[in-house]
Amino acid sequence: MEKFYRRVCDMEVILAMILLGSSVSVIFIAAIMRTVGYPIRWGNDLALMLFAWSTFISADIVFRIKRHVVVDILTSKLPVFLQKICEILVHAIILFSIVFLFYFGMKSVIASRARVFQAIPWLSYSFVSASLPCSMIMMMINELRHLYYRYILHTDLKDEI
């Protein structure tokens, strides 16, 4: 199972790089085409969609490898017992936030299903909105995996990109 998870994580990194690179490329090509007098109407809409997906996939990658901002100036001065309580409280807040964002992300997907891109009328805006709940599913898996290793197996994960 761990090998499968590693492959999914590797594919996630590759997908995030491809989506970000594609977003930048579309914007660059659209700018060049606009300059030469042949604007691409759908360029900004496509770049927006690619950028949204790359952003939320990248947020999950950062969350998985624990490279997000951590402010421990106060908790590091507490006794170990209180540090553990703060750690558990932070994990509870993280889980609540993930569920909250997933729930309202799904509401956004449903609410935006009739909305379409101005230049791409056959593509629903729900496709962009779906990037949030998809990211939250991956973050939930990563958080539960972290909790399992930390509190059940009593080891720390050393995930790398």
To the nearest 0.5 Å, tell me how far [X] [atom1] sits from [Y] [atom2].
{"X": "L78", "Y": "E87", "atom1": "CG", "atom2": "CD", "result": "12.5 Å"}
{"X": "L95", "Y": "L147", "atom1": "CG", "atom2": "CG", "result": "5.5 Å"}
{"X": "K84", "Y": "T75", "atom1": "NZ", "atom2": "OG1", "result": "12.0 Å"}
{"X": "I93", "Y": "I98", "atom1": "CD1", "atom2": "CD1", "result": "12.0 Å"}
{"X": "S22", "Y": "M17", "atom1": "OG", "atom2": "CE", "result": "11.5 Å"}
{"X": "I141", "Y": "C9", "atom1": "CD1", "atom2": "SG", "result": "9.5 Å"}

If you group Ile, Leu, Val, Met, Phe, Trp and Tyr by side-chain heavy-atom gaps below 4.5 Å, do [X] and [Y] land in one group?
{"X": "Y151", "Y": "F63", "answer": "yes"}
{"X": "F51", "Y": "V128", "answer": "no"}
{"X": "V99", "Y": "L101", "answer": "yes"}
{"X": "F96", "Y": "I85", "answer": "no"}
{"X": "M49", "Y": "I120", "answer": "yes"}

Side chain proximity check, [X] to [Y], heavy atoms < 4.5 angstrom:
{"X": "Y125", "Y": "L48", "result": "yes"}
{"X": "F102", "Y": "M140", "result": "no"}
{"X": "L15", "Y": "I57", "result": "yes"}
{"X": "M106", "Y": "L132", "result": "no"}
{"X": "V13", "Y": "R64", "result": "yes"}
{"X": "I27", "Y": "N44", "result": "yes"}

Note to self: Assess whether a salt bridge exists between E2 and R145, defined as any Lys/Arg side-chain N lying under 4.0 Å from an Asp/Glu carboxylate O.
What the structure shows: yes
Next item on the list: Carefully, step by step, assess E12 and I61 under the rule side-chain contact (heavy atoms from CB on, under 4.5 Å).
Entry: CA-CA 8 Å; E12 186 180 38; I61 294 167; 3.9 Å; yes
When you measure from the side chain of [X] to the backbone of [Y], do you find a donor-acceptor pair of N or O atoms at a distance under 3.5 Å?
{"X": "S129", "Y": "V109", "value": "no"}
{"X": "S126", "Y": "R113", "value": "yes"}
{"X": "S23", "Y": "L19", "value": "no"}

Do you know which two heavy atoms are closest between [X] and [Y], and how far apart they sit?
{"X": "V26", "Y": "G43", "result": "CG1-O, 3.2 Å"}
{"X": "D60", "Y": "N142", "result": "OD1-ND2, 2.7 Å"}
{"X": "M33", "Y": "I40", "result": "CG-CD1, 3.6 Å"}
{"X": "S76", "Y": "Q83", "result": "O-NE2, 3.3 Å"}
{"X": "M138", "Y": "V8", "result": "CE-CG1, 4.0 Å"}
{"X": "S112", "Y": "S124", "result": "O-OG, 3.5 Å"}

Checklist line | is_close_aromatic(W122, F117), centroid dist under 6.0 Å | finding: no
Notebook entry, point to check: Going by atom types only, do E143 and Y148 share a side-chain donor-acceptor pair under 3.5 Å?
Noted result: no
Note to self: Does atom CD1 (I73) have a neighbourhood of more than 12 heavy atoms from anything else shown, all under 6.0 Å?
What the structure shows: no
Next item on the list: Please say whether more than 12 non-hydrogen atoms of neighbouring residues, nucleotides or ligands are located less than 6.0 Å from CZ in F104.
Entry: yes
Note to self: Would you call the rings of H146 and H91 parallel, tilted or perpendicular, taking 30° and 60° as the class edges?
What the structure shows: tilted
Margin query: Run C134 and W53 through side-chain contact (heavy atoms from CB on, under 4.5 Å) and show every step you take.
Written below: CA-CA 9 Å; C134 288; W53 277 94; 3.7 Å; yes
